[in-house]
Amino acid sequence: MAPLVLPSGLLRGQSPSNKITLGFIGMGSQGIRRNLNSFLRLKNTKVLAVSDCHIKRANSAKKVVDKAYENKDCVVYQDFREVINRNDIDAVVISTPDHWHVPMCNMAIEADKDVFCEKPTLTIKEGDELVEKASKKQTVFQWGIEDRYLQKYYYLAGWARSGLIGEISKVTCKLPSVSPFKREEPAPVPKGLDWNLWLGPAPYTDYTPSALDIMHWRLNSDYSGGMLTDWGTHLCDTAQIGIGMEESGPIEVFGESRTLDPKEFHSDAPVDFKVTYRYANGCEMFVSDSAEKIRQVLIEFEGTKGWVRCLGWDGKLEASDPNIMKVRSFGPEANYWQRPPMEQEDFINAVISREKPIYHAEAGNSLCTMLHIGHIALREGRKVGWDPKSKSFTTDKQANESSIIYQRKSRTWD
């Protein structure tokens with residue numbers, strides 16, 4: 001008799017050990033400190049492989065895995081495709097710079113892997129394509145954004161959403177302020193770094209001494225969208241949930257930012273920016289990178305009966321009336337999320353149950369789209385209108401053409 005062959009997707013989570021087998025891609029600080037360590041603490045997971053285009057980082061990750069399991073079974077790869085192509089891996093965890101997020105996710109989805117990936121997307125178009133692909137393949141997909149798993153933000157959004165401070169007219173989000181990087185002279189590629197692989201689909205450029213510094217690449221639009229798409233994914237998500245707009249989006253966006261001389265600066269993402277988002281329910285959200293230090297970041301809701309805020313990321317909760325903060329139950333208004341376990345455990349539970357985790361593909365894409373609209377408005381230097389239902393700009397033809405202009409500048413690589 002011929003052997004019975006089943007689609008690999010039906011076997012997810014059914015390894016001989018009955019554990020979800022994982023492969024990790026991108027072993028920088030977030031990849032090891034946050035994600036690898038968190039997944040290693042879960043009893044129903046098993047890490048089989050780690051990879052990084054800088055082999056030194058991959059070897060450091062292997063040491064962490066070997067210590068946790070008290071063996072040396074974890075395999076190290078420099079090329080992430082070797083992780084994705086392993087048939088014995090159920091899911092991949094991606095913690096790379098932003099420009100690699102969607103391309104790697106798409107490759108993993110095509111290989112029938114479930115995916116946990118750090119935020120954000122690089123463009124609106126890419127996010128839409130990812131959602132479509134994950135839905136078609138019935139992939140369990142989770143964005144790595146911690147905030148919906150933090151109780152303080154659950155309370156903050158609940159106080160705002162349930163009407164305790166009256167009708168909300170204004171939300172303020174202050175993101176960290178960072179200094180742009182000046183251009184550097186090319187330098188020799190460090191031993192063990194596959195620079196071509198690090199660049200991947202991004203335009204070719206010579207390696208420089210600060211190339212791998214997170215703020216160096218994050219402030220360059222070839223790799224990221226700056227603080228607006230980085231910290232914005234954290235604070236603006238809770239802000240939109242608090243006003244009930246997390247499944248919709250703004251209808252009008254405008255703002256201003258500092259223009260940098262490209263001959264002097266490596267950075268071209270918006271800096272010193274102020275963006276205003278207007279919503280169909282009449283609320284306005286003001287987003288800026290005016291917080292000089294992380295502990296000064298802020299989410300604040302202002303209503304007709306008072307205000308509530310969180311000062312610092314997952315920081316101190318405050319309210320105009322201290323009695324507001326004594327409320328811990330919001331009834332039917334608390335349907336915005338269920339306060340699940342932390343994101344890594346939520347993802348594994350979803351892989352087993354085949355249900356959506358809290359930060360599923362659509363949720364993260366809706367959030368990233370809102371931030372990309374702000375990015376486009378800043379770069380255009382004018383007001384743009386947006387239709388959340390059709391996902392298109394409504395101001396004029398030029399705005400829609402601009403959304404095409406601000407797409408990935410890609411190259412062929414291997």
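Residue indices begin at 1 and follow the sequence shown.
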What do the steps show when you test Y359 against D237 for side-chain hydrogen bond (donor to acceptor under 3.5 Å, both in side chains), and what is the final call?
CA-CA 11 Å; Y359 268 123; D237 184 53; 2.5 Å; yes
Could you name each residue pair satisfying ring-ring contact (aromatic ring centres under 6.0 Å, His included) that touches residues 247-299, not counting sequence neighbours?
H216-H266
Tell me whether E256 is salt-bridged to R382, with the criterion being a basic N under 4.0 Å from an acidic carboxylate O.
no
R86 with D88: basic N within carboxylate O range, under 4.0 Å:
yes
Less than 4.0 Å between a side-chain N and a carboxylate O, is that true for R354 and D114?
yes
Whether W198 and H99 hold their rings parallel, tilted or perpendicular, with breakpoints at 30° and 60°:
tilted
For residues 48-64, which residue pairs pass the salt bridge (charged side-chain N to carboxylate O under 4.0 Å, His left out) check, not counting sequence neighbours?
K62-D66
Between K263 and D261 (salt bridge meaning N to carboxylate O under 4.0 Å), is one present in this structure?
no
Is W231 close to V297 at the side-chain level, that is, under 4.5 Å between some pair of heavy atoms?
yes
Inter- and intrachain pairs under salt bridge (charged side-chain N to carboxylate O under 4.0 Å, His left out), touching residues 266-277, at least two apart:
R258-D272
With the side chain counted from C-beta on, respond yes when I20 and F39 share a heavy-atom pair under 4.5 Å apart, and no when they do not.
no
Under 3.5 Å, which donor-acceptor pairs do the side chains of residues 91-98 form with other protein atoms, sequence neighbours left out?
{"from": "S95", "atom 1": "OG", "to": "N35", "atom 2": "ND2", "distance (Å)": "2.9"}
{"from": "D98", "atom 1": "OD2", "to": "R218", "atom 2": "NH1", "distance (Å)": "3.2"}
{"from": "D98", "atom 1": "OD2", "to": "S224", "atom 2": "OG", "distance (Å)": "2.6"}

Can you confirm if the NZ or CZ of R148 lies within 45° of the ring axis of Y153 and under 6.0 Å from the centre of its six-membered ring?
no
Applied to residues 172-187, the salt bridge (charged side-chain N to carboxylate O under 4.0 Å, His left out) test, sequence neighbours excluded, yields K182-E264
Interatomic distance, CG@D222 vs OH@Y204, rounded to 0.5 Å, equals 13.5 Å
Is D90 paired with K113 through a side-chain N to carboxylate O contact shorter than 4.0 Å?
no
side-chain hydrogen bond (donor to acceptor under 3.5 Å, both in side chains) between S392 and S390, intermediate numbers included
CA-CA 5 Å; S392 62; S390 66; 2.8 Å; yes
Is it the case that atom CD in E247 sees more than 12 heavy atoms from other parts of the structure closer than 6.0 Å?
no
Listed once per pair and sorted, the salt bridge (charged side-chain N to carboxylate O under 4.0 Å, His left out) pairs that draw on residues 285-313, sequence neighbours left out:
K170-E302, E300-R309, R309-E318
Could you give me the CA-CA distance, side-chain angles and deciding distance for W100 and F80, then say whether ring pair (Phe, Tyr, Trp, His ring centres under 6.0 Å) is met?
CA-CA 11 Å; W100 260 124; F80 70 92; 5.0 Å; yes
